[in-house]
Amino acid sequence: MTETTITPESAFATAQSQLRKVAGLLELEEGMIEVLAHPKRELTVNFPVRMDDGSIRVFTGYRVHHNEARGPVKGGLRYSPMVSLDEVRALAMWMTWKCAVVNLPYGGAKGGVIVSPRELSARELERMTRRYTTEIEIIIGPGVDIPAPDLGTDARVMAWIMDTYSMQMGYSVPGIVTGKPVGLGGSLGREEATGRGVLYIAQEACRRRGISLEGATVAIQGFGNVGGAASRLLAQAGAKIVAISDSRVGIYNQTGLDVEAFFASRLPGGYIGDHTHHIIDDFPGKGTDHVDITNEELLELPVDILIPAAIEGQITDKNAPKIRAGMIIEAANGPTTSAGDEILAERGIYVVPDIIANAGGVTVSYFEWVQDLQSFFWAEDEVNQRLQRILVSAFNEVASVAEERKLRLREAAYVVALQRVVEAIRLRGIFP
Ligand code: NAD
């Protein structure tokens with residue numbers, strides 16, 4: 001096996017360290033840990049795209065399958081200049097655990113292209129997406145690997161992927177991606193599903209902790225698909241959103257931000273990956289007494305609930321000692337490094353880990369795939385009710401394991417997930 005190189009602070013290092021810790025708790029044999037520690041399949045593609053000015057630009061993209069013991073693999077597609085193979089590997093591994101913890105019949109995958117989507121025109125983005133889809137077509141398919149949106153991609157990108165794959169097959173294959181527009185076989189409720197899942201988890205976590213979500217102060221880092229929807233739904237549930245940020249700036253108002261005013265003013269469309277980039281500067285509901293803050297400052301605000309909903313590696317050993325929130329709900333994937341996590345644990349901060357906190361997205365993606373395969377579509381309240389049922393029961397299962405085994409929620413979530421994946425591997429046996 002080729003050695004996978006990891007740098008100390010990398011996302012893959014965090015993912016591997018989390019795995020090894022829980023593998024130890026479960027007393028897994030070294031061979032099994034090795035199976036779980038390495039992605040099964042990794043594809044790197046370098047491909048040319050004709051730009052609007054006639055020049056040719058070569059892009060690099062990846063698609064990684066971590067583990068397919070429990071079913072076809074599933075995971076998002078990320079467009080970001082920060083994408084690396086190391087990051088995609090980590091995200092693919094987290095998808096395996098996430099699907100297992102909520103008991104979806106999927107393994108984990110992830111993809112990415114090194115690109116700043118805002119720097120491309122819509123036509124260039126479309127050509128780039130279609131060519132990337134063609135390059136990875138050898139390892140995707142509705143029963144193989146089903147991509148979905150992630151950082152920097154959205155329903156429009158999913159529509160191009162669906163069309164490209166369908167053109168190559170010669171017939172329409174809606175089940176090739178999830179997070180599509182509803183008019184193409186997307187599911188009602190999918191767009192806000194991750195944020196809605198964050199709401200359901202926050203409600204359940206508050207209930208178990210004896211805290212009232214109504215009136216609780218909340219700071220949210222990242223105001224994209226996940227952070228935006230979470231802020232709106234939490235505000236509707238009575239929480240007080242006091243701070244939000246995007247990749248450049250943040251705003252804080254201790255008396256609360258009017259999130260609804262922002263959504264009322266929002267133009268349809270906007271910028272892929274950073275749709276709030278220009279809007280947050282001009283956030284209509286920020287109030288006259290708001291203050292501008294940095295992303296770092298947002299994480300250290302005195303709030304009841306902190307929701308990182310942007311990118312990995314935001315809570316580290318440097319800022320974990322300064323965090324003042326009593327509860328952290330990890331809406332982003334991997335927002336806390338292992339060293340940061342240790343400090344949060346010592347300080348007794350209640351952390352709901354990413355693999356359960358943001359599982360609402362993949363759960364409704366699963367619903368979308370099921371609806372596509374059956375060509376039979378559900379009403380939005382049915383989607384939301386099923387989502388709530390799955391997340392509440394998964395959260396309570398994890399919380400009970402945490403109580404019984406005196407573990408933190410992250411470890412307990414990993415225990416539940418790893419047990420399911422290991423069971424599937426053992427049942428299938430090692431081929432040949
Ligand atoms: P998005 O592109 O819609 O929004 C990302 C937000 O983060 C934007 O507001 C952007 O300005 C901000 N951001 C980017 N870089 C930043 C930085 N360096 N510092 C602070 N803020 C930064 O992406 P999204 O789909 O909302 O995804 C956000 C996170 O949630 C990611 O970690 C993603 O993997 C995770 N996630 C997304 C889904 C989903 O369904 N979209 C599901 C599960 C997990």
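Everything numeric here is computed off the predicted structure, so don't read it as measured data. Just so you know, these numbers use all the heavy atoms, side chains as well, and skip hydrogens, waters and symmetry mates.
Of the residues listed (Lys74, Arg41, His65), the one engaging Asp145 in a side-chain hydrogen bond (donor to acceptor under 3.5 Å, both in side chains) is His65, and it is the only one.
A donor atom on one side chain and an acceptor atom on the other are found under 3.5 Å apart for Gln18 and Tyr414. A donor-acceptor pair shorter than 3.5 Å can be found between the side chains of Thr178 and Ser365. Between the side chains of Asn67 and Thr96, not a single donor N or O lies within less than 3.5 Å of an accepting N or O. In the model, Asn225 has no side-chain atom that pairs as donor or acceptor with a side-chain atom of Asp154 under 3.5 Å.
For the ring pair (Phe, Tyr, Trp, His ring centres under 6.0 Å) condition, no pair includes a residue of residues 126-145, sequence neighbours left out.
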Please assess Arg20 against Glu34 for the test salt bridge (Lys or Arg N to Asp or Glu O under 4.0 Å), listing each intermediate value before the final yes or no. CA-CA 10 Å; Arg20 292 204 173 265; Glu34 281 291 304; 3.3 Å; yes
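Under a 4.0 Å N-O distance rule, the pair Lys40/Glu68 qualifies as a salt bridge. With respect to Glu423 and Arg420, no salt bridge is recorded, no charged nitrogen being found less than 4.0 Å from a carboxylate O. Salt bridge annotation for Arg118-Glu124: absent, with no cationic side-chain nitrogen under 4.0 angstrom from a carboxylate oxygen.
Enclosure of atom CE in Met82 is not indicated, since only 12 or fewer non-hydrogen atoms of other residues, nucleotides or ligands lie within 6.0 angstrom.
In this structure Arg389 satisfies the side-chain hydrogen bond (donor to acceptor under 3.5 Å, both in side chains) test with no other residue, sequence neighbours excluded.
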